[in-house]
**Q** 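I have a structure I would like to understand better, so I am pasting it below and will then ask my questions one at a time.
Keep in mind it's a predicted model, so treat the numbers as computed, not measured.
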Amino acid sequence: MFAARLGSSNSKPATTARHLHQIHAFVIKTKLLPSPTLPMLSPKLVASASENLSHVCHILKHLENPDLCLDLCNSIVRTLSSTCKISSNGNHLISLQALVLFQEMLVNGVVPDNYTVPHVLKACAQSRALGEGMQLHAYSIKSGFLLSNVYVKNTLMRLYAVCGLVNSVEAVFAEGCNRDLVSWTTLIQCYVKMGFPREGVMAFFDMCNAKQKADEMTVVVVLSACSRLGDLSVGRKLHGYIRDNGVNSDVFVGNALIDMYLNCGDADPARKIFDEMPVRNVVSWNSLISGLAHQGEFKEALKMFQKMQRTGLEPDNITLVGVLNSCANLGLLEFGKWVHAYIDKNHIEADGYIGNVLVDMYAKCGSIEAAYRVFQGMKQKDVYSFTAIIVGLAMHGEAKRALEIFSEMPKMGIKPDEVTFIGVLTACSHAGLVVEGKNFFRDMECVYSLRPQTEHYGCMVDLFGRAGFIDEAEKFIKNMPIEPDASVWGALLGACKIHGKVELGEGVMKKLLKVEPDRDGAYVLMSNLYSSANKWRDAVKLRKAMKEKNMKKTPGCSSIEIDGVVYEFRKGDKSNRKSKEIYKLLEGIRSLLNSSFGTDDCIILI
DNA sequence: ATAGGGTTAG
């Protein structure tokens, strides 16, 4: 029966583990694997070999000419490396199996060829099997493959890159001189992914100096480095490089260009590229929508989302993150709720990125209880989830709840970061918890090894200042190890305003103007301080000076959302279609208020 | 037969 199956060219290929057992038994009996057997090992059997590796290894042991099995071994290793997915458990075993088979090959005299080692290395990279990969690194040096076969070099670099070992990637890259475009791209990509985009760009220039021409994949990676750096000048150079060197502007290149231009603050070319793309996919839309949101162009981002929907293209999680982020910043609760309903309807889990941005959206739109419900329902809470709800609760004056949730973090094994402490300190500040705030500030460095930034110092000055401890606030600024910035002086000036400290305020205003000379913040705060101290003449003088200096105004803007349409209102803005009626109504309210309370009690700015 | 690509928060 075995002989029939193994010998006859008419028999069906072996497909199951049972067939493998039969071959195994036959080989043990005859010490021979008839050559027609090899083509009969179907892909399905090769796949099942991952679960029956011991049989394969035994077969190898019993063969008279094991080297005939090189192709079989290569295809088993290839199958192992292409089937193992990155998952929590079991994957390590698969790469281990690839390595076991590889060792058996060596022991039994199957000489690996150019394809074997890259396949085994790929299996290691996919399952992050660093230890096994390092053994292969040693083998590659000894056998000479590392220097003779650029695929070995590149797959080894890839393994170290996915394990985050930048130094090892550099070392393998630098070894010998057999590097090609893939080696360069892998190196640059590794720099960018590990948070060193500057090094990535420099490596690209090195590559150009080495007379190596880039292709689509390389420019995409370098563009992403420019995007992360916000380096428009290098980004533009790269755009020129693409045109001059005949790099094919495929959809990947187009998307990377859109992302680069938007993150570098130049929206026009991004839109132009988007409009002129012959093929667009969901990533093109995502790059545009999240890029616009990143630029603060939230309304534009939402407009593009609506346009995307008209094309019938389904948004994915990344689209929705950009959309919810825009809703959050515009305060569009109804729009945000609609997205939440869309998420539920499409069975997308309100977890991870999506959950976090939902929490933030509800908190920023004033619906703190909805934010809390989403937070509670999340299974995978991380530092972003906790920070979003803590900052949200702090902004809503719910200091006690914010601090309670903060105290949950260590129990869940989640370490707070710098932004979490902004929320914690804001909570303390709003609730007047001076002692607690001081303790948290101290813990930041002592317990969590987080170096406080100027924003944290600003929170502390705000905390002391609001509570009336102006002297302590001043002392605190004097002892700062870093240069105080606008957030710090602004907090102190705010405290002067609350407590009517005119003279101190005048000095603080000068300091604030030094670090922020072309913004109107200092003037506005100070003139308010004068007004509240009844120094009207000084207030008017300051307002006049402000007008003359043509300063950058912090835009005061309110918006409402009616039936999905956003209406924005700015001070003095008459662009609304119904502005005449609106102003007439406002005039009515004003005169009503005046007759009820008198002008001194109520000032409405229109 | 084998290697390198873009978009996501507080």
**Q** Roughly how many Å is it from CG in A:N317 to P in B:dA9, rounded to a whole number?
**A** 13 Å
**Q** Under the salt bridge (Lys or Arg N to Asp or Glu O under 4.0 Å) definition, can you give me all pairs with a residue in residues 387-404 of chain A, not counting sequence neighbours?
**A** A:E369-A:R401, A:E398-A:R401, A:K400-A:E404
**Q** Show every salt bridge (Lys or Arg N to Asp or Glu O under 4.0 Å) that has at least one partner inside residues 377-396 of chain A, sequence neighbours left out.
**A** A:E349-A:K379
**Q** Please determine, for the side chain of A:T155, which listed nucleotide (B:dG5, B:dA3, B:dT7) has the closest atom?
**A** B:dA3
**Q** Tell me which residues in residues 375-385 of chain A put a heavy atom below 4.0 Å from DNA chain B, sorted by number, or none.
**A** A:D382, A:V383, A:Y384
**Q** Round to the nearest Å and state the distance from A:D250 atom CG to B:dT7 atom P.
**A** 14 Å
**Q** From the list B:dT7, B:dA1, B:dG5, which nucleotide is the closest neighbour of the side chain of A:V220?
**A** B:dG5
**Q** Expected output is a numbered-order residue list: members of residues 349-362 of chain A with a heavy atom under 4.0 Å from any atom of DNA chain B. What is it?
**A** A:Y353, A:N356, A:D360
**Q** With a 4.0 Å heavy-atom cut-off, tell me which residues in residues 266-284 of chain A come close to DNA chain B, sorted by residue number.
**A** A:N281, A:V283
**Q** Send over the distance from A:D316 CG to B:dT8 C1', rounded to a whole Å.
**A** 9 Å
**Q** Rounding to a whole Å, what distance do you find between A:H396:NE2 and B:dG10:C1'?
**A** 15 Å
**Q** Hey, does the side chain of A:N325 come within less than 4.0 Å of B:dG10's phosphate (OP1/OP2), counting only N and O?
**A** yes
**Q** With a 3.5 Å distance limit and no angle check, can you tell me whether A:Q380 reaches the backbone of A:G352 through a side-chain donor-acceptor pair?
**A** no
**Q** What integer distance in Å separates A:R179:CZ from B:dG4:C1'?
**A** 16 Å
**Q** Report the distance from atom CG of A:N263 to atom C1' of B:dT7, rounded to the nearest whole Å.
**A** 10 Å
**Q** Expressed as a whole number of angstroms, how long is the span from A:Q126:CD to B:dT2:C1'?
**A** 13 Å
**Q** Pull out every residue in residues 400-428 of chain A that has a heavy atom closer than 4.0 Å to any atom of DNA chain B, ordered by number, or say none.
**A** A:D417, A:V419, A:T420
**Q** Between A:Y353 and A:Y384, does the ring centre distance come in under 6.0 Å?
**A** no
**Q** Compute the centroid of each ring, for A:F406 and then for A:F440, and state whether the two points are separated by less than 6.0 Å.
**A** yes
**Q** Select one nucleotide: of B:dA3, B:dT8, B:dT2, the one nearest the side-chain heavy atoms of A:V321.
**A** B:dT8
**Q** Strictly by salt bridge (Lys or Arg N to Asp or Glu O under 4.0 Å), give each pair with a member in residues 248-269 of chain A just once, sequence neighbours left out.
**A** A:R236-A:D266
**Q** Let's see if you get this right: which residues in residues 138-154 of chain A place a heavy atom under 4.0 Å from DNA chain B?
**A** A:Y151, A:N154
**Q** State which residues pass side-chain hydrogen bond (donor to acceptor under 3.5 Å, both in side chains) with A:T186; sequence neighbours excluded, sorted by chain then number.
**A** none
**Q** Starting at CG of A:D71 and ending at C1' of B:dT2, how long is that distance when rounded to a whole Å?
**A** 13 Å
**Q** Base, sugar-phosphate, or nothing: which does A:Q189 touch, judged by heavy atoms less than 4.0 Å apart?
**A** sugar-phosphate
**Q** Give me each pair satisfying salt bridge (Lys or Arg N to Asp or Glu O under 4.0 Å) with a member in residues 406-424 of chain A, each pair once, sequence neighbours excluded.
**A** A:E408-A:K411
**Q** Ring centres under 6.0 Å, that's the criterion: do A:F441 and A:Y457 meet it?
**A** yes
**Q** Are the ring centres of A:F145 and A:Y151 closer than 6.0 Å?
**A** no
**Q** With no hydrogens and no angle check, is any side-chain donor or acceptor of A:H430 less than 3.5 Å from a backbone partner on A:A427?
**A** no
**Q** Does B:dG5 have OP1 or OP2 under 4.0 Å away from a side-chain N or O of A:R158?
**A** yes
**Q** Show me the side-chain donor-acceptor pairs of residues 191-214 of chain A shorter than 3.5 Å, one per line, residues at least two apart or across chains.
**A**
from: A:Y191; atom 1: OH; to: A:E170; atom 2: OE2; distance (Å): 2.4
from: A:R198; atom 1: NH1; to: A:D231; atom 2: OD2; distance (Å): 3.3
from: A:N209; atom 1: ND2; to: A:F205; atom 2: O; distance (Å): 3.4

**Q** More than 12 foreign heavy atoms under 6.0 Å from CE of A:M134: is that the case here?
**A** no
**Q** Just jot down the ring-ring contact (aromatic ring centres under 6.0 Å, His included) partners of A:F173, sequence neighbours excluded, or say none.
**A** A:W184
**Q** Any side-chain N or O of A:R78 under 4.0 Å from OP1/OP2 of B:dT2?
**A** no
**Q** Tell me whether A:S224 contacts the main-chain N or O of A:V220 through its side chain, where contact means a donor paired with an acceptor under 3.5 Å.
**A** no
**Q** Is the aromatic ring centre of A:Y115 closer than 5.5 Å to the centre of the six-membered base ring of B:dA1, with the two planes inclined by less than 30°?
**A** yes
**Q** Does a donor on one side chain sit under 3.5 Å from an acceptor on the other, for A:Q376 and A:Y372?
**A** yes
**Q** As a test of reading the structure: which of B:dA3, B:dA1, B:dT7 is closest to the side chain of A:I318, going by heavy atoms?
**A** B:dT7
**Q** Indicate whether any N or O donor in one side chain lies under 3.5 Å from an N or O acceptor in the other, for A:N329 and A:N325.
**A** yes
